[in-house]
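Everything numeric in this text was worked out from a predicted model, so none of it was measured.
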Amino acid sequence: MTSNKNTTSKLDYNLVFILLLLFLASCISIYSAQASGQYKENFLIKQMVWYAVGGGIIASVMTLDSDQLRKLTWYAYGFGLFLLGFLIVAPPSIAPVINGAKSWFIVPAMGSLQPSEFVKIFIILTLSRVIDDHHQKNQGNKTIQTDFWLLIKLGIVTMVPLMLVMQQPDLGTSLVFIAILVGMIFISGITWKLLVPIFSSGTVLASTILYFVVWKPDILEKYLGVKQYQFGRIYSWLDPYNFQSSAGYQLTKSLLAIGSGQTGGKGYGNREVYLPESHTDFIFSVVGEEFGFIGASVLISLFFLLIYHITKVGMETKNNFYTYICVGVISMITFHVFQNIGMTIGVLPITGIPLPFISYGGSALMGNMLGLGLIFSIRYHYKKYMFSTTA
């Protein structure tokens, strides 16, 4: 049933179009952000270069089919653990401490490279294979015991890199790992008899930790190794205007920038609020000030469109491994968007998570492009088997 039409339709043009719109939005926002006078570098050109590199990553990953991805999964996971482990023991000349965190390698001709951005995708692949292998092995023999064992395996796969990232420390990436795990657990088919008590306990634990952060921070600092600057992020989130000269400075400026944009914005290039690092984590504040509620809504709609499209891809394919990958990528992107926008408007504490495909940053962009490469791969291969039950 192969035809020229099927051959030419392997490329997901809808996803290409969405990615092109995100690229344009990123370029427009970064160009305006770097014009504030704070920077001497041309981040726009660099972002365009990273997008080109990301395009190469997509083209490479897209050629890999399901069997090849499965074979590479554990090698990628092991390589990711090696990078995270080496990052901890690497000398400062290779892995300097920046803002209290040791999260980047210095790579000649590339600048800094954050391995945890790629490990997010490796975790998605590994969790997908673990779930798929588990169900194939226990097909027709699903019990609470097998579900519990699957939960343990998913927890181990996630906890190993999570503990390594927490040593850096990198709270934002740690939360992304957890978000990916939660999304994969929900789609894994584990019985609610296990999930309800576990997530209820997690909610209680999170509330308890928040209590200790607010009222007993010395205990967390002593026994869990939480850094003082991380407490500052919580305090400045809860009451930013009392910390606007220190930890709450960026949040108060971000709120002022977005609020002053009102409905239609001040116009492109007409920024008035000075906001440090606005080309990275606070790029949404630039959009909110210059394009207002309307422009911010358009950008958010692009992300909804992206997530909807990936959801559609996951539902159309009959390959369970592919479906789990889609869920993992959706979980990662959704959490990134929700956390980044939430922190710029004061709904969530600041964690240093960039806005996917919009914020400047080579590692984050390449990691996200690697994730989209998996989605392109699914669309590229599954149409060949559109009449099969294993596509």
Side-chain angles (χ1 to χ4, degrees), residues 11-63 98 104-118 120-121 265 267-271 275-291 295-296 298-303 305-306 309-310 329 332-333 336-337 340-341 344 352-377:
L11 183 61
D12 190 340
Y13 291 103
N14 290 329
L15 188 53
V16 170
F17 180 67
I18 296 172
L19 187 57
L20 177 61
L21 293 178
L22 290 170
F23 167 71
L24 293 175
S26 177
C27 291
I28 292 171
S29 302
I30 290 175
Y31 181 76
S32 179
Q34 72 180 18
S36 63
Q38 177 188 0
Y39 315 105
K40 295 182 179 179
E41 298 181 75
N42 192 328
F43 296 108
L44 173 60
I45 299 299
K46 290 185 176 181
Q47 185 78 342
M48 294 173 69
V49 171
W50 288 126
Y51 254 101
V53 173
I57 292 175
I58 289 177
S60 300
V61 175
M62 187 172 66
T63 62
I98 303 175
W104 299 267
F105 286 116
I106 300 300
V107 181
M110 290 185 62
S112 60
L113 188 68
Q114 189 173 2
S116 59
E117 295 293 342
F118 302 94
K120 295 173 187 177
I121 308 302
Y268 185 61
N270 293 326
R271 293 175 59 212
L275 184 63
E277 304 301 323
S278 57
H279 64 302
T280 55
D281 299 342
F282 284 84
I283 195 72
F284 186 77
S285 303
V286 176
V287 176
E289 182 177 5
E290 297 190 352
F291 302 101
V298 170
L299 180 58
I300 294 174
S301 298
L302 279 180
F303 286 114
L305 189 61
L306 174 64
H309 185 79
I310 299 175
V329 175
M332 179 186 71
I333 294 177
H336 267 262
V337 173
N340 179 272
I341 295 178
T344 62
I353 292 179
L355 188 60
F357 306 103
I358 305 297
S359 295
Y360 169 78
S363 299
L365 182 57
M366 286 191 292
N368 289 322
M369 296 291 258
L370 179 59
L372 282 193
L374 297 176
I375 308 303
F376 274 103
S377 173

Does [X] reach the side chain of [Y], with side-chain heavy atoms less than 4.5 Å apart?
X: Leu370; Y: Glu117; result: no
X: Ile310; Y: Leu372; result: yes
X: Leu19; Y: Ile58; result: yes

Indicate yes or no for a side-chain donor-acceptor contact from [X] to the backbone of [Y] under 3.5 Å, with no hydrogens or angles considered.
X: Tyr268; Y: Ile28; result: yes
X: Ser359; Y: Pro354; result: no
X: Thr63; Y: Ser60; result: yes
X: Asn340; Y: Asp281; result: yes

Test log, rule side chain to side chain contact (heavy atoms under 4.5 Å, CB included), inputs Leu113 and Phe118: CA-CA 10 Å; Leu113 188 68; Phe118 302 94; 3.8 Å; yes
Give, for atom [atom1] of [X] and atom [atom2] of [Y], the distance between the pair rounded to the nearest 0.5 Å.
X: Ile358; Y: Phe303; atom1: CD1; atom2: CZ; result: 4.5 Å
X: Phe282; Y: Leu355; atom1: CZ; atom2: CG; result: 12.0 Å
X: Ser29; Y: Phe284; atom1: OG; atom2: CZ; result: 10.0 Å

Test side chain to side chain contact (heavy atoms under 4.5 Å, CB included) applied to Leu299 and Phe291, step by step: CA-CA 10 Å; Leu299 180 58; Phe291 302 101; over 6 Å; no
Ile300: which of Leu305, Val337, Ile341 passes side chain to side chain contact (heavy atoms under 4.5 Å, CB included): Ile341
Test side chain to side chain contact (heavy atoms under 4.5 Å, CB included) applied to Phe357 and Leu21, Leu302, Asn368, Ile18, the passing residue: Asn368
Gln47 vs Gln34, side chain to side chain contact (heavy atoms under 4.5 Å, CB included): CA-CA, chis, key distance, verdict: CA-CA 12 Å; Gln47 185 78 342; Gln34 72 180 18; over 6 Å; no
Chi angles and distances behind the side-chain hydrogen bond (donor to acceptor under 3.5 Å, both in side chains) call for Asp12, His309: CA-CA 10 Å; Asp12 190 340; His309 185 79; 2.6 Å; yes
Among Phe17, Tyr51, Trp50, ring-ring contact (aromatic ring centres under 6.0 Å, His included) partner for Phe23: Tyr51
